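Here's the structure we're looking at; comments come further down.
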Amino acid sequence: MSQAAPKKVVYFDNNATTRIAPEVVQAMLPFLTELWGNPSSAYAFGAQVHGHVEKAREQVAALVAADPKEVVFTSCGTESNNTALHSALVMNPGKKHVITTAVEHSANMNFGDYLQRRGFDVTYLPVESDGSLDIHRLEKSIRPDTAIVSCMYANNETGVLFPIAEIAAICRSKGVLCHTDAVQVPGKLKIDVRELGVDFLSLSAHKLHAPKGIGMLYVKRRTKFQPYLIGGHQERGRRGGTENVANIVAFGRAAELAMATLHEENTRVRALRDRLEDTILAKIPNTVRNGNRNHRLPNTANIAFDFVEAEAILLLLDGLGICASSGSACTTGSLDPSHVLTAMGLPPMRARGSVRFSLGIYNTDQEVDYVLQHLPGVIQRLRDISPLNPEHPDNDRYDIDAAREKHEEDLAAARQSESLSA
Ligand SMILES: *Cc1c(COP(=O)(O)O)cnc(C)c1O
């Protein structure tokens, strides 16, 4: 069978994964061909590889302004997140409480559920209707038995940012460890672990134009640490397992590129995102931006298309070669609305009609034109056949103002009862 010509793809799903940069492929290739030795071996053929691993460690450390000794290579962002929480609990055996938020990546959400089943106490902090966090509430939820606070730096669904430096300062003043999942941040915002003041920080290379299956955990100097994978003495005894050399080298090169493209991401890519978002909101009726407009990543737009299902939109876009995603990153076809949008108080129908467009350095003006040319027709087609009737007088499921008010009242009531019981 002859192969069909590869269809051109408009890739607007850079928060899910990213194209491997050609420079990164070049950097890693020798380690898949000639330089396949084990970096822990004593003879020169293996040991020469060790130097390349350490160079990559320096490059990744520079990306977050850390000391190379503070960088632990892991298999992915998920492992980094799990390792940080696990270490904090094991090294503080008297402490049984973890604080995180209701909008974390499933790496944290489901690890928290696991911890609860194992007898730990987990607080999932609620968020405001624009996706932001109430810092005073976070401070009040810290208890004498709190081991660690873990809040993501940037939300993968909405791009909304949490004030990590402020959160870390609160943690320090209370003697509690602080972790941040910063997987979405490299290349989009500058990261400086000293300015942030965190004890742990997670990254994943496939979100910054390197391959899947390699991540890192920053572990601040002198932090008591328990490895999650117990084995050999790799990573200074902090993570067993033979180093994934080719991927580590790739991560190092990608870290350099991410710093070099920071400016472009905040100018050209931001402008593409803004044009896409502003035009959709202006041209397609009954659309709403999800998440705070100002405190967010420059590449992400999350938009609710009322009266239609996101899964249907994505299917039609897929037919046009356009890759985007629904709020819920996980199970395609699942009717569960995104936990992030739900935590922001969106009514279920609006959450189910929300689509995330996440752009990157390889996207072009022409691609934005292409999406803007086709999207209005896609939405119109779906609305024409939608059983949901927007004109219906008692259809109040879509009253976002009422839903937002209700969410804010609920939060206020919860605050009230907390302060009464405090
Ligand atoms: C992608 C992502 C992860 C998971 O990283 P993996 O390397 O795929 O395990 C964790 N947190 C956030 C915010 C992410 O976007």
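Worth knowing before you read on, the calculation uses all heavy atoms, side chains too, and leaves out hydrogens, waters and symmetry mates. Bear in mind the structure is a predicted one, so any value in this text is a computation, not a measurement. Atoms within a ligand are numbered from 1 in the order they appear, just like the ligands themselves.
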Regarding [X] and [Y], does a basic nitrogen lie under 4.0 Å from an acidic carboxylate oxygen?
| X | Y | value |
| --- | --- | --- |
| Glu235 | Arg238 | no |
| Glu54 | Arg57 | yes |
| Asp199 | Arg221 | no |
| Arg296 | Asp130 | no |

*Please could you name the atoms of ligand 1 that Cys76 approaches to less than 4.0 Å, counting only its heavy atoms?*
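Result: 6 (P), 7 (O), 9 (O).
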[atom]: nearest protein contact (heavy atom, Å):
| atom | answer |
| --- | --- |
| atom 8 (O) of ligand 1 | His206 NE2, 2.9 Å |
| atom 6 (P) of ligand 1 | Gly77 N, 3.5 Å |
| atom 9 (O) of ligand 1 | Thr78 OG1, 2.6 Å |
| atom 11 (N) of ligand 1 | Asp181 OD2, 2.6 Å |
| atom 2 (C) of ligand 1 | Lys207 NZ, 2.6 Å |

_Tell me whether Asn15 has any N or O atom under 3.5 angstrom from an N or O of ligand 1._
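No.
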_Please check whether Ser204 reaches ligand 1 - meaning an N/O of the residue sits under 3.5 Å from an N/O of the ligand, judged on distance alone._
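Between Ser204 and ligand 1, an N or O pair is found under 3.5 Å apart.
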*Parallel, tilted or perpendicular for Phe225 and Phe200, by the 30°/60° rule?*
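Aromatic pair Phe225/Phe200 classed tilted.
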*Are side-chain N/O atoms of Asn81 and Ser202 paired as donor and acceptor at under 3.5 Å?*
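The criterion, which ignores hydrogens and geometry beyond distance, is satisfied for Ser202 and Asn81.
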